[in-house]
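Notes follow the structure.
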Number of protein chains: 2
Amino acid sequence: MFICNFFKIVLFRVRLRDQRIHPYSPNKLILKTQIPDCLNCPNTSCLIQQCTSEGKTLAGKRKINYLIPKDQHVFREGSLVLGAYFVFKGKIKVVSSNLHNKEQTVRLAGDGHILGHMTLDKECYPIGAVAMEDTKVCFLDNQTFFQLINENHGFAYKVIRFYSKELRKSELRNRSFSQMSTFEKIIFAFLYLCSTFFPNEEKCVEIDFPRAEIAAIAGTNSEQVSRGITSLKEKGFFESEGQKIIIRDVDALKKLLIPYLSWEILE
Amino acid sequence: MFICNFFKIVLFRVRLRDQRIHPYSPNKLILKTQIPDCLNCPNTSCLIQQCTSEGKTLAGKRKINYLIPKDQHVFREGSLVLGAYFVFKGKIKVVSSNLHNKEQTVRLAGDGHILGHMTLDKECYPIGAVAMEDTKVCFLDNQTFFQLINENHGFAYKVIRFYSKELRKSELRNRSFSQMSTFEKIIFAFLYLCSTFFPNEEKCVEIDFPRAEIAAIAGTNSEQVSRGITSLKEKGFFESEGQKIIIRDVDALKKLLIPYLSWEILE
DNA sequence: CCCAAAATCTGCAAAAATGCAGAACCTGTC
DNA sequence: GACAGGTTCTGCATTTTTGCAGATTTTGGG
């Protein structure tokens with residue numbers, strides 16, 4: 001057992017080091033793709049839209065567009081991240097594993113969200129990002145990002161607001177993990193999915209993810225998610241169509257978590 | 001029970017609304033205090049030090065200094081935050097409660113850290129901040145903060161890096177909450193305390209907080225913390241002097257959590 | 001439409017965490 | 001140095017969560 005763990009650790013370290021050496025060895029499954037340049041981008045929620053025309057022109061020239069197929073990594077745990085990814089269209093989960101190979105989804109990112117982090121020094125975090133469906137992203141290297149911040153105050157301000165807001169959301173999720181029952185955490189996971197991936201849909205949302213995916217967001221296992229879904233179906237909050245779940249009234253679901261009152265944040 | 005909850009909710013809402021109306025009704029226990037202006041500030045970890053001389057002069061002129069006594073709020077849950085607090089010297093916890101009156105510590109902030117968030121619109125989060133010992137903070141209103149970002153690129157960049165880093169730390173704490181056993185979470189809480197409040201001490205750290213305080217960080221209760229401490233004393237990781245705990249070798253403690261490998265982050 | 005593979009659901013026993021209550025221990029004051 | 005008030009520790013019964021295993025349902029390919 002101890003020896004087994006030791007090997008796992010060594011392997012993990014090697015994996016990390018490999019990725020330090022080849023941080024962007026191109027994944028053959030990740031394809032460059034066509035996305036409009038920033039001046040003509042239809043994605044109004046992208047923060048680059050806060051830049052001046054010159055800024056957008058620069059960003060459009062420098063950015064690299066990728067199509068990340070479903071279940072492929074945008075970047076891997078332990079790799080150096082040399083810039084930021086802006087989600088053009090799609091669904092991304094930010095994940096973190098431990099050596100027992102249990103994966104926790106620590107953040108969800110939808111259209112217009114930023115992934116990756118800004119570093120000057122060689123930082124290296126055990127966090128990765130995976131596409132939950134075919135997703136188009138725009139990559140900006142750190143240098144260009146820095147230049148955009150220098151020359152576009154509105155952009156810099158919005159980026160700070162974005163991170164500050166995500167930090168607060170993450171802090172509330174922290175509270176959820178430590179105070180909620182498993183059943184409540186499952187409801188919370190569904191609401192988080194709704195607010196991130198369907199920010200505009202008012203009442204009725206369809207969710208079609210494997211139970212294990214939802215479990216990784218809620219911080220439990222797929223059996224509990226199953227039990228939770230069954231219970232919510234019995235109570236009339238969910239309907240199902242095959243393995244897909246239909247939430248007819250998201251607000252009713254929110255009311256189940258009133259003691260945790262964090263709805264301001266789930267805009 | 002239901003009615004009781006209903007009243008609690010109403011009261012909570014009223015509390016929130018009151019604080020919206022009087023976001024800065026001065027707490028009599030919070031005193032303005034003497035802190036050097038930013039040009040002569042000895043706190044090198046403060047991000048305002050990244051500004052130009054003009055920026056520092058402006059910040060020094062506009063900032064308000066407070067001495068927050070132990071156990072007093074810097075700001076309360078639900079209140080409007082109209083600017084940012086920079087910790088000059090002391091220890092702050094960022095907390096979030098639920099209606100069952102259970103409080104979770106979602107972040108720790110030591111010297112040089114930033115609290116509060118930047119908002120243009122009237123946002124309102126169920127998050128508060130409390131001094132864990134007498135603490136001096138500098139308050140900058142949003143307008144000045146915005147001006148500093150406009151005119152000091154290095155500052156803007158560092159602020160983005162700060163939030164991005166805190167977000168990542170928070171995400172790792174999320175993983176900890178959902179994957180660690182209670183015992184591991186307690187160890188993690190001690191390490192988080194060490195890395196935030198004693199960033200420079202190499203091996204030996206003294207921690208003197210009530211068990212309930214540590215429980216709120218770890219996401220458990222004080223009984224479990226007690227049991228955890230006893231166990232760690234038996235194993236030789238902790239010594240005690242009255243109710244104070246002495247960790248002779250922080251690195252040895254870290255090794256207990258190797259499967260979660262997040263030490264890069266606990267700088 | 002049928003079938004095999006995959007995913008989901010559910011009952012149950014084992015494990016972990018919780019909360020209570022009383023004992024032991026610390027702290028500061030007189 | 002004794003004492004009161006507070007904090008911490010620990011044993012125990014209860015509750016919650018977990019993980020397994022087998023039953024059931026769904027999915028996608030022919």
Side-chain angles (χ1 to χ4, degrees), chain A residues 1 70-71 98 100-104 132-133 175-190 193 206-235 237-247 259, chain B residues 1 70-71 98 100-104 132-133 175-190 193 206-235 237-247 259:
Chain A
M1 181 56 197
K70 190 177 177 196
D71 295 327
N98 63 10
H100 313 310
N101 287 320
K102 217 176 147 185
E103 199 171 82
Q104 170 68 25
M132 296 173 80
E133 62 178 33
R175 180 188 62 166
S176 304
F177 280 127
S178 67
Q179 293 186 342
M180 286 181 182
S181 69
T182 299
F183 182 62
E184 290 170 323
K185 284 192 274 186
I186 291 163
I187 298 172
F188 191 72
F190 275 104
L193 277 166
E206 295 190 1
I207 290 181
D208 191 10
F209 288 121
R211 303 298 179 253
E213 191 81 84
I214 293 157
I217 300 166
T220 180
N221 54 32
S222 55
E223 292 94 330
Q224 302 287 27
V225 172
S226 233
R227 284 183 249 264
I229 289 172
T230 305
S231 163
L232 286 165
K233 276 199 280 195
E234 279 165 9
K235 289 177 183 152
F237 291 99
F238 284 3
E239 289 168 40
S240 63
E241 208 170 82
Q243 298 179 341
K244 185 169 68 182
I245 283 156
I246 299 156
I247 307 174
Chain B
M1 180 58 197
K70 191 178 175 194
D71 295 328
N98 63 10
H100 312 310
N101 288 320
K102 218 179 147 186
E103 200 171 82
Q104 170 69 24
M132 296 172 81
E133 64 179 30
R175 180 189 61 167
S176 304
F177 281 126
S178 66
Q179 293 187 340
M180 286 181 182
S181 69
T182 298
F183 182 62
E184 289 169 324
K185 284 192 275 186
I186 291 163
I187 298 171
F188 190 72
F190 276 103
L193 277 166
E206 295 189 0
I207 289 180
D208 191 10
F209 288 121
R211 305 294 180 255
E213 192 80 86
I214 293 157
I217 300 166
T220 179
N221 53 33
S222 54
E223 291 94 329
Q224 302 288 24
V225 172
S226 234
R227 285 182 248 265
I229 290 172
T230 305
S231 162
L232 287 164
K233 278 200 280 196
E234 279 165 8
K235 290 178 184 153
F237 291 99
F238 285 3
E239 288 167 40
S240 63
E241 207 171 84
Q243 297 179 341
K244 186 168 68 182
I245 283 157
I246 298 155
I247 308 174

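Order of the sequence lines fixes the chain letters, A, B, ..., with proteins taken first and strands second; residue numbering starts at 1 for each chain. Since the structure is predicted, the reported quantities are computational estimates derived from the model, not experimental observations. Just so you know, these numbers use all the heavy atoms, side chains as well, and skip hydrogens, waters and symmetry mates.
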When rounded to the nearest 0.5 angstrom, what is the spacing between CD in B:E239 and NZ in B:K244?
-> 11.5 Å
Please name the residue in the list A:I245, A:I246, A:I207 that meets the side chain to side chain contact (heavy atoms under 4.5 Å, CB included) test with A:F238.
-> A:I245
Nucleic acid footprint by protein, nucleotides 23-30 of chain C - heavy-atom cut-off 4.0 Å, B for base, S for sugar-phosphate alone | ---SS---
Gap between atom NZ of B:K185 and atom OG of B:S178 - 0.5 Å precision = 9.0 Å
Give the rounded distance in Å between these two atoms: NZ of A:K233 and P of C:dT8.
-> 11 Å
Atom-pair distance (CZ on A:F209; C1' on C:dT8), nearest Å | 17 Å
Yes or no on side-chain contact (heavy atoms from CB on, under 4.5 Å) for A:I217 and A:F190, after CA distance, side-chain angles and deciding distance?
-> CA-CA 9 Å; A:I217 300 166; A:F190 275 104; over 6 Å; no
Gap between atoms NZ and P, on B:K185 and C:dA16 respectively (whole Å) = 14 Å
Is the side chain of A:E184 donor-acceptor paired with the backbone N or O of A:S181 at a distance under 3.5 Å, no angle test?
-> yes
Would you check if A:I214 and A:L193 make a side-chain contact, meaning some heavy-atom pair closer than 4.5 Å?
-> yes
Quick one: list whatever passes side-chain hydrogen bond (donor to acceptor under 3.5 Å, both in side chains) with A:K70, sequence neighbours left out.
-> none
Any donor-acceptor N/O pair, A:Q104 side chain to B:Q179 backbone, under 3.5 Å | no
Where does the chain A footprint on DNA chain D start and end, counting 5' to 3' with a 4.0 Å heavy-atom cut-off?
-> D:dT17 to D:dT27
Would you kindly give the CE-to-C1' distance between B:M180 and C:dA17, to the nearest whole Å?
-> 17 Å
Can you tell me how far CZ of A:F209 sits from CE of A:M132, rounded to the nearest 0.5 angstrom?
-> 4.0 Å
Heavy-atom pair of closest approach, residues B:K233 and B:S240 = NZ-OG, 3.3 Å
Would you jot down, in residue-number order, the residues of residues 221-230 of chain B having a non-hydrogen atom under 4.0 Å from DNA chain C?
-> B:N221, B:E223, B:Q224, B:R227
What one should report as the nearest heavy-atom pair of B:A218 and B:F177 is O-CE2, 3.2 Å
Per-pair distances, 0.1 Å, donor-acceptor, side chain in residues 219-229 of chain A, under 3.5 Å, sequence neighbours excluded:
from	atom 1	to	atom 2	distance (Å)
A:N221	OD1	A:Q224	N	3.0
A:Q224	OE1	A:R227	NE	3.2

Once you build an axis from the first five pairs and another from the last five of the helix from C:dC1-D:dG30 to C:dC30-D:dG1, how far apart in angle are they, to 10 degrees?
-> 50°
